[in-house]
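What follows is a set of notes on a single structure, which appears directly below.
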Amino acid sequence: MNMGARIAFDSECTQDEWEKIVPLTAVPDLHGEYRVVTRNEPLNLRREPNTESRVIVEMPKDSTFMSYGFTDESGEWLLGEYALQGKIYAGYANKQYLKRKEND
């Protein structure tokens, strides 16, 4: 079964804003905990699935990212969350720099 979703940040979006909403695909196999596997630099958690998007928070190497099991149309970005000092940040991380924790 194909499933998808669109993430809206504000219920009062204008038409232009609705057109910018990210289409998502559910991929249950991608759900779970991942470890950030950058060389030395942190991995950026972003508001949208692209490198031009605003950075929400930096995730240091070896930190944990929890994937919700959704990816963008390219399949390169995972939607999920990162916890830091009692706060949870949700956004997109490039899966090229993530490794499933079960496979460590």
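Positions are given from 1 along the sequence.
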Item checked: Taking every non-hydrogen atom, the tightest pair across Tyr34 and Ser67 -> CE1-CB, 3.5 Å
Notebook entry, point to check: When rounded to the nearest 0.5 angstrom, what is the spacing between CD in Glu58 and CD in Glu41?
Noted result: 10.0 Å
Item checked: Point-to-point distance, once rounded to the nearest 0.5 Å, from CD of Glu33 to CZ of Arg100 -> 9.5 Å
Checklist line | Atom pair CG (Leu78) and CG (Leu45), whose distance is rounded to the nearest 0.5 Å | finding: 11.0 Å
Item checked: Distance-minimising heavy-atom pair for Asp62 and Arg35 -> OD1-NH1, 2.8 Å
Next item on the list: Using atom types as modelled and distance alone, determine if a side-chain donor or acceptor of Arg47 lies under 3.5 Å from a backbone N or O of Ile56.
Entry: no
Check: If every non-hydrogen atom of Leu24 is compared with every non-hydrogen atom of Tyr92, which pair is closest and at what distance?
Finding: CD2-OH, 3.6 Å
Checklist line | Connected via hydrophobic side-chain network under 4.5 Å: Leu98 and Val37 | finding: no
Item checked: Candidate pair Thr25 and Glu73, rule side chain to side chain contact (heavy atoms under 4.5 Å, CB included), full reasoning -> CA-CA 7 Å; Thr25 302; Glu73 291 178 311; 5.6 Å; no
Checklist line | Any donor-acceptor pair under 3.5 Å from Arg39 side chain to Lys61 backbone | finding: no
Item checked: Value rounded to 0.5 Å, distance of OG1 in Thr71 from CG in Asp29 -> 12.5 Å
Margin query: I'd like to know if Val55 and Tyr97 are part of one continuous hydrophobic network [Ile/Leu/Val/Met/Phe/Trp/Tyr, side-chain heavy atoms within less than 4.5 Å].
Written below: no
Check: Under 3.5 Å, is there a donor-acceptor pair between the side chain of Asp72 and the main chain of Trp77?
Finding: yes
Notebook entry, point to check: Can you name the closest pair of heavy atoms from Pro60 and Ser63 and give their distance?
Noted result: O-OG, 2.6 Å
Item checked: Side chain Ser53, main chain Asn50, donor-acceptor under 3.5 Å -> no
Notebook entry, point to check: Which heavy atom of Ala90 sits nearest a heavy atom of Tyr68, and at what distance?
Noted result: CB-OH, 3.8 Å
Checklist line | Single-linkage hydrophobic cluster Leu79~Met66, side-chain heavy atoms < 4.5 angstrom | finding: no
Notebook entry, point to check: Counting heavy atoms not belonging to Tyr82, are there more than 12 under 6.0 Å from its OH?
Noted result: yes
Check: Does Tyr89 share a hydrophobic cluster with Leu43, counting links as ILVMFWY side-chain heavy atoms below 4.5 Å and allowing steps through other members?
Finding: yes
